[in-house]
Amino acid sequence: MALRIFNVLGREKQDFVPLVKGQASMYVCGPTVYDYSHIGHAKNYIAFDVIARYLRSTGLDVLYVQNITDVGHLLDSGEDRILRKAAQAQAKPMQIVETYTRAYFEAMDKLGVQRPDISPRASGHIPEMFKMIETLLEKENAYVANGSVYFDVSTDPNYGKLSNRRLQEQEAGTREAVRGEKRNPEDFALWKRAEPEHILRWDSPWGEGFPGWHIECSAMSLKYLGPSFDIHGGGIDNIFPHNESEIAQSECANDAEFARYWILVGSLTVDGIKMSKSLGNFITIEDALKQFPAPVIRYFMQSVHYSNPVDYSDEAMHGTARGWERLANAVRLARQMRQNAATGDDGGTFVERLNSLHADFSAAMDDDFNTPQAIAGLQEFTRDVNSFLNSGTTIGRNTLDSILDTYETTAGSVLGILPSAEADSGSVQRETSLIQMLIDLRMQARKSKNWAESDRIRDELAAIGVILEDRADGTVWKMG
RNA sequence: GGCGACGUGGCCAAGUGGUAAGGCAAGGCUCUGCAAAAGCCUGAUCACCAGUUCGAAUCUGGUCGUCGCCUCCA
């Protein structure tokens with residue numbers, strides 16, 4: 001069965017046929033690094049993480065590019081939002097950018113989001129932007145006004161094809177000062193003249209300034225993926241004007257189809273309303289991780305189809321956590337049984353069930369990355385695994401390996417929702433506590449002169465490399 | 001005003017023409033020294049109305065309602 005993707009460009013489910021056989025090129029709009037990442041970012045980037053992971057699992061050679069926006073965004077006041085943050089912190093703009101770029105990657109790492117192959121920064125691609133802007137000027141798709149360069153949307157008859165917006169139906173821009181130098185109210189900036197107080201600025205053929213928001217994605221996707229590539233991803237809230245403008249710039253400048261498949265992810269709300277700082281329902285990824293382990297957050301984000309909105313709430317998260325536990329418990333049980341299982345194929349007939357799970361999983365993911373359906377299949381599978389593991393029949397190590405491998409290649413390497421084996425095998429802190437507990441048990445045995453039990457504990461600990469030494473003031477231990 | 005989603009059992013959520021997956025919660029039961037885990041059983045005709053069709057949650061039209069976007073946003 002072939003992979004099908006709902007292409008927002010055209011609004012229909014289509015067979016995925018990559019530009020180059022065996023490869024898939026993907027560009028996803030990345031974050032603006034002016035603050036800590038929130039759970040809305042988590043939903044978005046987990047979705048594309050799973051998409052990239054699944055594409056790879058089918059054997060495709062994926063090249064995944066995701067930008068870091070560290071210049072250019074304007075506030076209503078005309079002030080760059082990164083600069084505003086810098087003023088608050090009395091720090092250099094690039095210091096702010098660096099801080100939140102690192103924080104972004106750290107948060108994503110904790111969520112098990114595999115890093116993109118390339119994470120280009122907008123600030124590092126100013127020359128590439130110049131080149132594209134100059135091309136657009138030469139082709140008269142853009143014009144210079146007072147040191148700024150604007151894209152003339154009236155020169156692109158296809159403008160609006162992604163979001164289905166007709167220019168004349170939109171409300172005119174409200175900023176009089178900005179509108180004054182534009183030919184059409186809908187024209188957007190490719191390059192903005194920097195006012196004196198604007199610290200983050202570059203020399204350009206049109207005077208000192210900084211790039212418009214949309215041009216970076218066009219310039220960087222061209223550089224790393226070429227004029228045409230397979231998949232463009234992002235949040236649905238950026239369909240207009242950002243994605244629409246990207247298409248206009250790139251297709252006018254390159255005379256080539258831009259992205260062939262558009263995958264846009266539904267937004268996340270908190271307790272039914274949009275997340276915003278003023279409402280006090282702004283939840284960072286770090287905050288969420290304090291309450292729930294990363295696999296639970298990933299499971300939650302994938303329990304709804306990526307294109308649909310998700311509502312985050314404590315109630316929903318606790319329900320999700322319980323559902324995840326059931327799956328995780330089965331995996332843990334299988335891991336522990338494997339530790340003591342005899343080698344052999346006992347219970348091998350269960351392999352048929354493994355095959356049917358693989359088939360169900362692939363069918364669900366091939367259908368526009370239907371993770372809710374894939375998870376439903378895993379839950380049914382888990383019921384059968386639990387029955388099997390608890391049935392009392394002898395199960396050989398090979399069979400347990402097969403079960404664990406099945407989980408690993410579906411819930412593990414694709415969805416990224418398995419409990420980590422490390423967490424289950426223990427940590428230094430836990431090991432220390434366990435050893436202390438045994439020492440305390442042994443102390444009780446010694447007090448009651450139960451020397452046989454006391455020596456048994458010491459000998460068995462020694463056998464696994466923990467040496468006990470009795471002192472007048474108590475017992476200490478060390479690794480042998 | 002324009003664009004776009006959506007409305008499925010108490011909650012979350014798949015399903016886009018052939019008589020409703022899955023999870024959570026709830027109740028009953030099995031297992032069980034206790035606890036936990038696990039398993040079994042129990043529930044919806046799909047916002048409403050009118051059409052198309054042999055047949056619709058699924059297509060068409062309309063009504064009501066929710067949300068997002070049109071200004072920075074993943």
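In what follows, chains carry the letters A, B, and so on, assigned in the order in which the sequence lines appear, proteins first and then strands, with residues in each chain numbered from 1. All values below come from the heavy atoms of this structure, side chains included, with hydrogens, waters and symmetry mates left out. Computed from a predicted structure; not experimentally measured.
- The base of B/A74 lies close enough to the side chain of A/His38 for a donor and an acceptor atom to sit less than 3.5 Å apart.
- For A/Asn370, counting side-chain heavy atoms from C-beta on, the closest listed nucleotide (B/C69, B/A21, B/G15) is B/G15.
- A gap of 8 Å separates the C1' atoms of B/U52 and B/C59, to the nearest Å.
- Spacing between B/G1 and B/G43 at atom C1', rounded to whole Å, works out to 45 Å.
- B/G62 sits 13 Å from B/C3 when the P atoms are compared, rounded to a whole Å.
- No side-chain donor from either of A/Asn184 and A/Tyr150 sits under 3.5 Å from a side-chain acceptor of the other.
- For the C1' atoms, the distance linking B/C31 with B/A36 amounts to 13 Å, nearest Å.
- Applying the 4.0 Å criterion to OP1 and OP2 of B/A74, one finds that A/Thr32 has a side-chain N or O inside that range.
- Nearest to the side chain of A/Arg326, among B/G22, B/A74, B/G39, sits B/G39.
- A/Leu268 comes within 4.0 angstrom of a base, heavy atoms only.
- With no hydrogens or angles considered, a side-chain donor-acceptor pair links A/Glu246 and A/His232 at under 3.5 Å.
- When the C1' atom is used for both B/A44 and B/A21, the distance is 14 Å, rounded to whole Å.
- Under a 4.0 Å N-O distance rule, the pair A/Arg260/A/Asp230 qualifies as a salt bridge.
- Comparing A/Ser163 and A/His318 against RNA chain B, the residue whose closest nucleotide sits nearer the 5' end is A/Ser163.
- In this structure, of B/G39, B/G15, B/A74, it is B/G39 that holds the atom nearest to the side chain of A/Asn386.
- The side chain of A/Glu380 sits closest to B/G22 out of B/G22, B/G15, B/C3.
- The side chain of A/Asn44 approaches B/A74 more closely than any other nucleotide in the set B/G22, B/G2, B/A74.
- Comparing A/Ile239 and A/Tyr299 against RNA chain B, the residue whose closest nucleotide sits nearer the 5' end is A/Tyr299.
- Dashed line: the shortest gap from a side-chain N or O of A/Asn164 to OP1 or OP2 of B/G4 is under 4.0 Å.
- Judged purely by distance below 3.5 Å, without hydrogens or angles, the side chains of A/Asp70 and A/Tyr34 never pair a donor atom with an acceptor atom.
- For the P atom pair drawn from B/G22 and B/C40, the interatomic distance equals 11 Å after rounding to whole Å.
- Across the C1' atoms, B/C6 and B/C46 are found 14 Å apart, a figure rounded to whole Å.
- A donor atom on one side chain and an acceptor atom on the other are found under 3.5 Å apart for A/Tyr27 and A/Asn67.
- Here the nucleotide nearest the side chain of A/Asn390, chosen from B/A5, B/A38, B/G15, is B/A38.
- Below 30°, between 30° and 60°, or above 60°: for A/Phe258 and A/Trp262 the angle between ring planes is between 30° and 60°, a tilted geometry.
- For A/Gln379, the listed nucleotide lying nearest its side chain is B/G22; candidates were B/G2, B/A74, B/G22.
- In the set B/A5, B/G22, B/A25, B/A25 carries the atom at the smallest distance from any side-chain atom of A/Arg322.
- Nearest nucleotide to the side chain of A/Pro372, out of B/C3, B/A74, B/A14: B/A14.
- In the model, A/Tyr64 has a side-chain atom that pairs as donor or acceptor with a side-chain atom of A/Gln66 under 3.5 Å.
- Counted by atom type alone, A/Asn355 and A/Glu352 present zero donor-acceptor pairs between their side chains at under 3.5 Å.
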Quick one: which protein N/O atoms are closer than 3.5 Å to N/O atoms of nucleotides 6-12 of chain B? Pair and distance per line, please.
none

